[in-house]
Amino acid sequence: MPALNIGVDPLKTHDCGELRAAHDGSVTTLAGWVSRRRDHGGIIFIDLRDRSGFVQVVLNPENLSPDDYETAERLRSEWCVQITGTVQLRPEGSENPTLPTGEIEVMTNAITVLNQSQTPPFYITDDVDADESLRLRYRYLDLRRPVMQENLRLRHRVVKYIRDYLDGHNFLEIETPILIKSTPEGARDYLVPSRMQPGNFYALPQSPQQLKQLLMVSGVERYFQIARCFRDEDLRADRQPEFTQLDLEMSFVSEPDVLNLIEGLYAGLVRELTPQFKIKTPFPYLSYDDAMARYGSDKPDLRYDLEMADVSDLAAETEFRVFHGILDRGGIIKAMAVPGQGGLSGSDMRRMEETAKEFGAAGMSHVRITGEGPLDSLGEGDALLSPGLRMPPEWVIRLAQRAGANRGDLILLMAGPAKLANQWLASMRSHLAEQLELADPNTLAFAFITDFPMFDWDDDAQRWDSTHHPFTAPAPGCESMLDGDDLSAIPSRAYDLVCNGSELASGSIRIHQREMQERVFAILGYTPDQVQDRFGHILEAFDYGAPPHGGIAPGIDRLVAILAGADSLREVIAFPKTQSGSDLLFGAPSPVDHAQLRDLSIRVTE
RNA sequence: GGCCCGGUGGUGUAGUGGUUAACAUACUGCCCUGUCAAGGCAGAGAUCGUCGGUUCGAAUCCGAUCCGGGUCGCCA
């Protein structure tokens, strides 16, 4: 990166981190921050830092005016300084191989303090040990840390790659409004009161979903936006109330068009920006049903196997009352083989069952297969079963075959309603993978999950919910099922991109005809008035030759977090919020003046 | 809203009923011309998140509350 070099008397001619042995003898002017000082009484060393890295600056009284040397003695951490000097090779034996600039140093003959600094509340270094709330309170200092600078740079490069890639595929980047209409379903909206229309509110977009569909009606054909989205829900390590999505939509496409485009984007991006990660192309496809059956999750981590199998029929052969109780109530029993763990002790198994209970499971059964040799040579005493099971080797062999287990492996069994059994066993799956270090941190296992169901039954609200969202089209040929009884069986045209157990993108081929859209709204329980009020504009647009279209919305924060190896989105967002939605730097949210509220015709009652 | 973890000098930690509240580091001063987490000596710095209670006595026990983190619910 060349130094920004404008004006007749530039404050810097080089970046600290770019200087090498090849610069030996050149005169340089640097500007940056004092990272460390080592004052030997005469000679003083400064590690000078700018965004490019560090360089050792030597302040020798023999080369400095008395005034400048006095200045040098006063320097402290994080002072902003400018120095001019000559790059020279370090004396033999004093090179620092841990530093990219370690072969050279800058012998200074002039120094200017650009600004002094208070002693920083924490030391600016990659292995910072300060509490995160302190880092957020002083985020501008936290961002001086090289690792944070690197995260910001990576994020920039990701977004630039996306823009270039989509530009190359004839997409148009179009901005959509931040102040839009509240259409409350799904997440809670952030609301903005209208001053000019007292009592009315804008909402901040949860996503530009309807806007991008309207752009398709407009004939844009290929749209994208690096879009800020807002959802007023509780936070998590991987969830911020405002976050950034690559929002994109295409006309005249079906699933492969969107997914091939996305595969090309992600594969190219990873290979160019973070080649240290191993990826496999083409990305595997997994139907929702397969994902649930084999991994108990619709966003499985595919870096390791640990597959599951339904063993309800085998479980029915046992005399175990728990299994029969569950089966009688329509539940299932699922098994997961854990390779090489058949030798665990009874207390290991009790501990593992405790873990399962922490995930919400009522209990967990297991079979430990011991010994050597082929599976069908299994005899009495070669398998340790949970107390309730008491089954012969012949049954264990069939169970092992179904679960894909061998001698020396462990089989875990979980019983419950299908949804919960999957959830519990999936939790065990990730837990064991972490404990056994099965997931290669240098692999990104991308996969597309397809054929999501159109609807989920919401037991609490006693109504149908969209699995993806109400604009998702039903699978071709299944339209008539919308009039049938079993709505849960209707496949939709929704798809996800998952990676290492995270959902990275979610999209679908949309409905583009009024009649179909109205039927879906009706199934979701909207009255005609509600439909007209919230979605009248988009239904009306469909009446004017809306083209078939579909799209996808990849999360940028999550992608950058994975590429940066960060375990929280806060590490890749410049100014993130805390779990309670606070901005600790600005102190937002905060009370506002009465005058502001009066303008908005708003009164705070609590 | 539920559950779990944390809050002690600037920073990071130790301290489970009586301590001058300990240690490291940062900071301040002095010494020191080849260090790179520089080194040596000296010094200053904490009403232990807040409020209330128990006790002769509380950083320590109890209750409430605030803040930060994780997680479940929630996130079409």
Side-chain angles (χ1 to χ4, degrees), chain A residues 35-48 54-64 69 72-73 76-78 88 90-99 101-102 105 107 118-138 141 183-189 206-207 209-210 229-241 243 358-360 423 427 452 454-456 458 460-461 463-472 492 494 503 506 508 520-521 524-526 534-535 553 555 567-568 570 577-582 584 587:
Chain A
S35 182
R36 282 189 189 277
R37 82 193 150 97
R38 293 178 290 281
D39 183 345
H40 287 246
I43 197 166
I44 300 171
F45 298 100
I46 296 290
D47 291 337
L48 191 66
F54 301 87
V55 71
Q56 172 161 284
V57 166
V58 186
L59 302 156
N60 191 326
E62 289 164 15
N63 297 317
L64 288 165
Y69 185 69
E73 287 183 302
R76 291 296 182 271
S77 276
E78 300 309 317
Q88 64 180 34
R90 292 190 184 197
E92 183 116 21
S94 67
E95 299 89 352
N96 184 346
T98 62
L99 217 56
T101 60
E105 61 193 10
M107 185 56 77
Q118 302 265 17
T119 301
F122 52 88
Y123 184 62
I124 310 296
T125 180
D126 277 353
D127 43 7
V128 69
D129 56 2
D131 189 75
E132 197 180 348
S133 57
L134 191 74
R135 291 173 49 204
L136 291 174
R137 164 79 182 75
Y138 295 95
L141 295 179
T183 56
E185 61 279 331
R188 225 172 264 118
D189 280 332
Q206 297 181 24
S207 89
Q209 180 62 34
Q210 295 183 56
C229 303
F230 304 85
R231 291 181 189 171
D232 188 5
E233 295 294 342
D234 285 4
L235 284 78
R236 290 283 189 282
D238 62 352
R239 233 193 278 162
Q240 282 275 313
F243 58 99
E358 281 169 28
F359 294 132
Q423 210 176 6
S427 298
F452 280 82
M454 272 297 269
F455 303 106
D456 282 327
D458 181 339
D460 295 332
R463 61 179 181 82
W464 290 100
D465 248 348
S466 293
T467 304
H468 183 49
H469 60 49
F471 309 105
T472 300
S492 77
E503 177 195 309
S506 194
S508 62
V520 169
F521 283 140
L524 294 173
Y526 292 107
R534 296 178 191 176
F535 307 109
D567 47 17
S568 158
R570 295 186 296 274
K577 296 193 171 48
T578 68
Q579 199 166 76
S580 57
S582 294
L584 296 179

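The sequence lines fix the lettering, A, B, ..., with proteins before strands; numbering per chain opens at 1. Not measured: the values here are computed from a predicted model.
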What is the per-nucleotide protein-contact pattern of nucleotides 35-51 of chain B, from the 5' end, where B denotes a base atom under 4.0 Å from a protein heavy atom, S denotes such proximity for sugar-phosphate atoms only, and - denotes neither? BBSB-------------
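- Under the 4.0 Å criterion applied to side-chain N and carboxylate O atoms, Glu233(A) and Arg239(A) are not assigned as salt-bridge partners.
- Base pairing of rC41(B): its partner is rG29(B), meeting the Watson-Crick or G-U wobble criterion (both donor-acceptor distances under 3.5 Å).
- With a 4.5 Å cut-off on side-chain heavy atoms, Tyr69(A) and Ile44(A) count as touching.
- The residue among Ser77(A) and Ile43(A) whose nearest nucleotide of RNA chain B is located toward the 5' end is Ser77(A).
- Here rC27(B) presents its P atom at 9 Å from OH of Tyr123(A), a figure rounded to the nearest Å.
- Rounded to whole angstrom, the span from the CD1 atom of Ile124(A) across to the C1' atom of rU25(B) amounts to 15 Å.
- Separating the C1' atom of rC61(B) from that of rU16(B) is a span of 9 Å, rounded to the nearest Å.
- Spacing of C1' atoms, rA42(B) relative to rG34(B), comes out at 26 Å, to the nearest Å.
- Side-chain contact between Pro120(A) and Arg76(A): absent, with no pair of heavy atoms (C-beta onward) separated by less than 4.5 Å.
- Nucleotides rG6(B) and rC75(B), compared at atom C1', are 26 Å apart to the nearest Å.
- rG12(B) and rG7(B) have their C1' atoms separated by 13 Å, with the value rounded to a whole Å.
- Nucleotides rU60(B) and rU8(B) have their P atoms positioned 13 Å apart, rounded to a whole Å.
- Remark: the backbone N or O of Gln206(A) is paired with a side-chain donor or acceptor of Arg231(A) at under 3.5 angstrom.
- As rounded to the nearest Å, rC3(B) and rA76(B) have C1' atoms that lie 27 Å from one another.
- Remark: Thr125(A) OG1 to Arg36(A) CZ distance equals 6.5 Å, nearest 0.5 Å.
- Looking at heavy atoms from C-beta onward, Val57(A) lies out of side-chain contact with Phe45(A) at the 4.5 angstrom threshold.
- Remark: side-chain polar atoms of Tyr526(A) are not paired, donor with acceptor, to backbone N or O of Val520(A) under 3.5 angstrom.
- Using a 4.0 Å heavy-atom cutoff across all strands shown, Asn60(A) reaches at least one base atom of the nucleic acid.
- Separating the CG atom in Leu524(A) from the OG atom in Ser466(A) is a distance of 4.0 Å, to the nearest 0.5 Å.
- Judged purely by atom type and a 3.5 angstrom limit, Gln240(A) has no side-chain atom pairing as donor or acceptor with the backbone of Arg570(A).
- There is a side-chain donor-acceptor pair under 3.5 Å between Arg38(A) and Gln56(A).
- Using the Watson-Crick or G-U wobble rule with both distances under 3.5 Å, rC3(B) pairs with rG70(B).
- Across all strands shown, rU19(B) remains unpaired; no Watson-Crick or G-U wobble contact has both distances below 3.5 Å.
- Looking at Asp465(A) and Arg463(A), a side-chain N of the basic residue comes within less than 4.0 Å of a carboxylate O on the acidic one, giving a salt bridge.
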A correct 5'-to-3' footprint of nucleotides 66-76 of chain B, with B, S and - meaning base, sugar-phosphate only and no protein heavy atom under 4.0 Å, is --SBBBBBBBB
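- Nucleotides rA26(B) and rG43(B) place their C1' atoms 14 Å apart, quoted to the nearest Å.
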Contacts under 3.5 Å, N or O only, protein and nucleotides 2-10 of chain B:
| unit_1 | atom_1 | unit_2 | atom_2 | d |
| --- | --- | --- | --- | --- |
| rG10(B) | O2' | Pro121(A) | O | 3.4 |

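- Distance noted for atom C1' between rG15(B) and rA21(B): 8 Å (whole Å).
- Remark: Thr101(A) OG1 to Asn96(A) CG distance equals 8.0 Å, nearest 0.5 Å.
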